[in-house]
Structure formats: C-alpha cells, structure tokens
Amino acid sequence: MDILEYSRLVFSDYTLRTITLGTAVLGGVTGMLGSFAVLRKQSLLGDAISHAALPGIALAFLITGSKDTNVLLIGALLSGLIGTFWIRGITTKTHLKSDTALGLVLSVFFGFGMLLLTFIQKQPNANQAGLDKYLFGQAATLVESDVWLMSVVTGLCLLVLLLFWKEFKILLFDKDYAHTLGFNTKFIDVLITSFIVLAIVLGLQTVGVVLMSAMLLAPAAAARQWTNSLGVMVLLAAILGASAGVFGTAISSTQNNLSTGPVIVLVASVFVLFSFIFSPKRGLLFRQIRLIKNRNDLEFQKTLTFMYHIVEDHEDVFHPHAIKILNNFQGYSRKGLRQLISKNYVTVNGEMWNLTPEGVEAATNMYNQNLKDD
Amino acid sequence: MEKIAVKVDDLTVAYNYKPVLWDIDLKIPEGVLMAIVGPNGAGKSTLVKAILGILKPIAGSVSIFDKPYDTQRKHVAYVPQKGSVDWDFPTTALDVVMMGTYGSLGWIKRPGANEKKRALEALEKVGMLSFKSRQISQLSGGQQQRIFLARALVQDASIYFMDEPFQGVDATTEVAIINILKELRKANKTVVVVHHDLQTVPEYFDWVTFLNVKKIATGPVKDIFNDDNLTKTYGINYKVSIQK
C-alpha cells in the first residue's frame, strides 16, 4: 500500500480514522504534559501512575460488572489519583526519597491489580474476557466517543496550561521562590499532577499500563534536545507525540500482527534516539565533532607556536631547521605539519623546514592573543 | 526608637524530632545589613526558610513591620542558594529575572512590557544586561548568582533575605554584590545575608547574628563581633584577629 492510498484510507475508513485521531490526540496531550514531568525530574511518576491505575480497572469491573470503557477508566482514574497522593504522602511524611516512594506504589498497586485480574479470570462469568487489554493496550478498540473524550481533556489541559503558564513555569524552576512570592505551590502542583494522571488514564486503553510512561517521557526527552525555551519544548513535545501516534498507527495497520501501542512507543523512541544523536546543540554527534575540531585547532596552534619559539632566537626567522627537532614536541604530528604546509605557514625542503612570512605573522598574532587572554 | 523590620518570636524548627533551631527570638531593625553567621548545620539557611514560610516551624511566629508575614509578602524578597535549582532548565537569563515580577502580578496575569522593562533594569544593575538572552546553563556560577540577585531586585521589596550569595563566586561578582548591598542600604532597605566568610563580616555588614541552633548573640558588628561570641558560636577557641 503506498502512502497516498493509505492517507486516503485514513480519511475514509472509520476504524483507521478513529485510531489515527485517537493516538494523535493522545500523543499530543501526553507529550505536552510529559515536558512538565521530565523537567520536574519526575520521569517515573507516569510509570507509577499507570501501574497504580490497574487495580482501579479491575475493581470497577468487579463492582459494576460492566466492561464499558468509561466506567473502567473512572476506576483507573480514582486508583491512579490515590496512588499519586500516596507517593506525595510518602515523600513528605517519611524519610523515604521519591524514587523509593514511586517504586513502592508502582509495585504494590500493580501487584494488587494483577491479583484482581487473575481472580476475575477464574470467574465462571464469560463476560470477564478482555480486561487484560489494559495491560498492553489495544488501539483497535477505540471508538469515536473515546476520541471525543480525549479531545475534550486535551482542550481543557491546553486552557489550563495557557492560563497558569507562568505559575507552572515558576513552580518547575524554583518552587521555594514561588512560595515566597505568595503562590499556593501545593495547588499548582496538584493541578499539574491531576492532569498528568488524567492523560495517563486516557491512554491506558490504547497503549496499556506497561508502556504508558514512554508516551509521557519520550516526546518530552526528544523535544528537550532541540530547544532552550520551555514554550517551544512543550509545543514540540506535543507535535512529536502526535506524530508518533500517527506514524505508529500507520506502520502497525499496514503490517500484519503488529500491535499499535508498542509500535507508537517504538516510533517515539526513534525520535528520542535521533534527537540525542543529531540535535545541533546538545546532540552527541555534533558535540563529538566540536571536540575533535577544537583538539585539532589547538594542536595546530601549539605546533606553530613551538616552531615560532625555535626560530625567534635566530636573527633570520626564516632560517631552515631540521624536522627532527619537532619530535621533541609532544603535540607534533605529520598531519599537523601537513596542515601548516597547506596553509602556507611553513615550507619544507627535504629534511628541513622554515616558517614563511605568513607563518611568522600568524604565530605572533596567536602569541599576542594568548597574552591578552591571560 | 528605630522601626523593627523583622521580628521573630520563639521560633523552633525540627527535622525528625531533632531540633535544628531552638527558641529563636530575633529583632532586625530597619535599614541594617545583617549577616547570619554560624558553623555548618547551625541552621542559618533553615532560619531564613522558616522566616519565609518555606519550612513549617513547630512553634513560633514571624512578623514583618509589626504585621503577620503572610500579609506582608510583597515587602520581602528572597535570593535562594544558587545550587537549589536546576540550571539546565530551558529558559533565558531575562526570563528568570522576570519571575521576580510574578508576585506583584498575582495569579494568571502575564508579564507585559512594563515587567520586561523592570527586569532589564535589574539586569543592568547587576551588570548582566548583555547576557539577557543567554540560556541559563551557559552562565558561570557567579553570573547565575547575579541573575538570582537581579530577580530579587525586581521585586522592589523592603527586606531582602539572601542565602549565601557569596558562595563560590569570583571577585567580579563579589564586588558587584557588595555594591548592590551598599545601594540597598542607602535606600534604607533591610538586608539579611547568610554568610560564611568571617573575615569579611566587619567590612561588609553593620549588624550580625551569631547562630548555632540557638541564637548566641545579635546586634551591631562593632559591639558584638568579638572573639568571645565567635568562640561561643563555633565551640572552639576562636583566635582569629579581625581588624575592625
């Protein structure tokens, strides 16, 4: 299937359209909120919340007997919120650090959820099948009303972000200072965390408990590499998240037996990998290139300075010297010499070298420059 | 009688049952440049944080110009320790300084041209105007400290609390900070500084508080900055001869 045909299908086919829209909106809102989680160094919060939501799903089913998505998601939301407030409680009331609190809540809630799931599966009731889709997600079960719900939450989230932008920013950067300015930091904190919980719960059906945190982190981590502005980072994370949704859906729907959630997460991971390597300012590749270039420049300058030191003791600075002397200098290499020759700073005759007028001028300039810097 | 800018009564703070500050009474007159000195773990930063309500004391009260602190926040500015924030945060120097205007703006309202103007003026005062668009992680430690100072200056408060502003800064920044302190004193502002370098106390400050969990002494530098109080505070026989 070519791209044109596929994109026609996205607009005409109900299922494909719903899934594409759903994953795009989901990727957008989680990317946006993920920026805040990443910058607060709460990257694992998403993981803990999504795992904490599992017992809520199981309990909602046990109590109501219904498998309606909205009912189950309300259960997920409640237990996700309870988990989050436990994490807050543990970190503020005990000596435990937040990573311990996150790990505790994650494993306790997830363990309890798995226990309930196995209990439900042992029931004679035929209705019980299919709850385990929340473990790994099943995008194919998305219907139009799910997408509407996601869009409403995303809209609400955007509105709150725009209204409280400066409050969120100052809370992220310097919470104590925000407090001294008279802002209720607890309120801002609860507000942003509640939205993170909401976004995660909405994604459970599509991506699942286990992989949900990647939706939160990957777009934000990738976006951070490209910008030094919070606004741009949030916007970019939303775009990357949405693209991961669209491309992930496209790949999984054109190949047989590829489940959508994991493919979306993999696409998002490719974004992260690409950003880590190729981003111009923070990327590994350009950093390495800058490093090598600086080292070469330095070697080149040092060699020239060394040569200049040798010749400046002589009356005639252009007087030739043996190449062998250069071996006494640690930074000397054949390559460095070739570079000097190609720049016309040095000429070589047999086993002898001498500086050219350009070379002498460059060396004196460099020398004066160094003096000035000190 | 001179006006009291900050009055602390019976302030006690404990981490995990261990008292960090014990029954502190403190009166800071308006217009003084005060250093809080004491050994590591004496509770100097904790005192400032408890006064500002960042830490909840288990007992005690704080009043600013004879009114409860909560109603007087706009008169108080805070310069936290430089290391208390993540400088890799995606923002610029100007943006950080603008944060100083958030308090007067209140909820939801965005900073506008007027706030930007004030922030630029503060940047100029600390000699950082040419760095306004610089990403904050690209600033040196001293420059970061000056950005924090500018952020507090924007608040145009009457009382400034600074937590170790001289820590790990170069000579240029130290001079810049001192000049700002002197200017603040000229404008009759009250400045409270958590300070480590005993040698510079008589030169930079006119008021001093000795702290080691309990308050040892507080008053004018010329009266109480002596070997006796230093020994009481630091627990060892302190024999630094300090020129007054």
Side-chain angles (χ1 to χ4, degrees), chain A residues 34-43 92-96 159-188 191 220-237 275 279-282 287, chain B residues 15-17 45 48-49 51-56 69-82 84-93 95-96 98-111 115 133-138 147-148 151-152 154-155 157 159-161 163:
Chain A
S35 307
F36 293 93
V38 166
L39 289 176
R40 296 192 67 184
K41 316 235 171 339
Q42 286 186 329
S43 304
T92 50
K93 299 267 180 333
T94 72
H95 308 186
L96 297 175
L159 189 72
V160 169
L161 272 188
L162 286 176
L163 276 181
F164 295 105
W165 180 255
K166 92 173 185 299
E167 285 79 7
F168 284 143
K169 190 199 282 188
I170 197 167
L171 179 83
L172 288 178
F173 179 62
D174 196 344
K175 189 176 166 197
D176 285 353
Y177 184 70
H179 179 88
T180 66
L181 290 180
F183 290 105
N184 185 341
T185 49
K186 205 168 176 183
F187 170 75
I188 312 172
L191 192 65
R224 179 69 188 93
Q225 294 297 106
W226 300 95
T227 174
N228 277 328
S229 145
L230 180 63
V232 177
M233 176 180 167
V234 172
L235 189 72
L236 197 59
S275 307
S279 90
K281 274 190 179 147
R282 299 166 73 95
R287 200 188 299 171
Chain B
Y15 294 140
N16 318 320
Y17 312 110
S45 299
V48 169
K49 283 183 182 170
I51 291 174
L52 295 171
I54 296 166
L55 287 174
K56 260 211 176 75
Y69 166 67
D70 281 341
T71 62
Q72 300 286 81
R73 282 185 198 275
K74 60 178 183 298
H75 296 305
V76 181
Y78 174 46
V79 180
Q81 272 186 28
K82 189 169 63 352
S84 64
V85 302
D86 174 14
W87 288 95
D88 196 35
F89 192 81
T91 192
T92 59
D95 212 30
V96 172
M98 293 268 269
M99 288 178 187
T101 67
Y102 287 9
S104 57
L105 283 169
W107 290 90
I108 295 173
K109 223 178 139 202
R110 297 285 190 96
E115 281 74 23
S133 312
R134 188 73 74 88
Q135 151 70 18
I136 53 172
S137 64
Q138 309 283 315
I147 291 299
F148 261 12
R151 185 176 69 169
V154 167
Q155 289 179 251
I159 304 170
Y160 291 80
F161 287 94
D163 200 345

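Naming convention: chains lettered A, B, ... in sequence-line order (proteins, then strands); numbering from 1 in each chain.
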Counting heavy-atom pairs under 4.5 Å to chain A, which of B:Ser104, B:Ala77, B:Gly106, B:Ser84 comes out on top? B:Gly106
Among A:Ala178, A:Ser229, A:Gly231, single out the residue with the greatest number of heavy-atom pairs under 4.5 Å to chain B. A:Ser229
Here the pair of heavy atoms bringing A:Leu181 nearest to B:Tyr102 is CD1-CB, 4.0 Å
At what distance, to the nearest 0.5 angstrom, does OG of B:Ser137 lie from CZ of A:Arg282? 6.5 Å
Enter the distance from B:Ile54:CD1 to A:Asp176:CG here, rounded to the nearest 0.5 Å. 4.5 Å
For B:Val79, which atoms come within 4.5 Å of any heavy atom of chain A: side chain, backbone, both, or neither? neither
Non-hydrogen atoms of B:Trp107 and A:Asn184 that approach each other most closely: CZ2-N, 3.5 Å
Heavy-atom distance under 4.5 Å to chain B: side chain of A:Arg40, backbone, both or neither? neither
Would you give the length of the straight line joining atom CD1 of B:Ile136 to atom CZ of A:Phe173, rounded to the nearest 0.5 angstrom? 4.0 Å
Which atoms of A:Phe187 are under 4.5 Å from chain B, going by heavy atoms: the side chain, the backbone, both sets, or neither? side chain
Can you tell which part of B:Lys49 gets under 4.5 Å to a heavy atom of chain A, answering side chain, backbone, both or neither? side chain
Measure the spacing between CZ of A:Phe183 and CG of B:Leu105 and express it to the nearest 0.5 Å. 7.5 Å
Of all heavy-atom pairs linking B:Gln135 and A:Asn228, the shortest is OE1-CB, 3.2 Å
Residues passing the ring-ring contact (aromatic ring centres under 6.0 Å, His included) test with B:Tyr15, sequence neighbours excluded, are none
Gap separating the CZ atom of B:Arg110 from the CG atom of A:Leu163, nearest 0.5 angstrom: 8.5 Å
Which heavy atom of A:Met233 sits nearest a heavy atom of B:Pro90, and at what distance? SD-CG, 4.0 Å
Heavy-atom pair of closest approach, residues A:Arg224 and B:Asp88: NH2-O, 2.5 Å
A:Lys166 (side chain) donor-acceptor with B:Met99 (main chain) under 3.5 angstrom: no
Let me know if B:Asp70 has heavy atoms under 4.5 Å from chain A in its side chain, its backbone, both or neither. neither
Identify, with sequence neighbours excluded, every residue that meets ring-ring contact (aromatic ring centres under 6.0 Å, His included) alongside B:Tyr78. none
Check each atom of A:Lys169 against the heavy atoms of chain B and say whether the ones under 4.5 Å are side chain, backbone, both or neither. both
Grab the two heavy atoms, one from B:Arg151 and one from A:Asp174, that are nearest each other, plus how far apart they are. NH2-OD2, 2.8 Å
What is the distance from atom OG1 of B:Thr91 to atom CD1 of A:Ile170, rounded to the nearest 0.5 Å? 10.5 Å
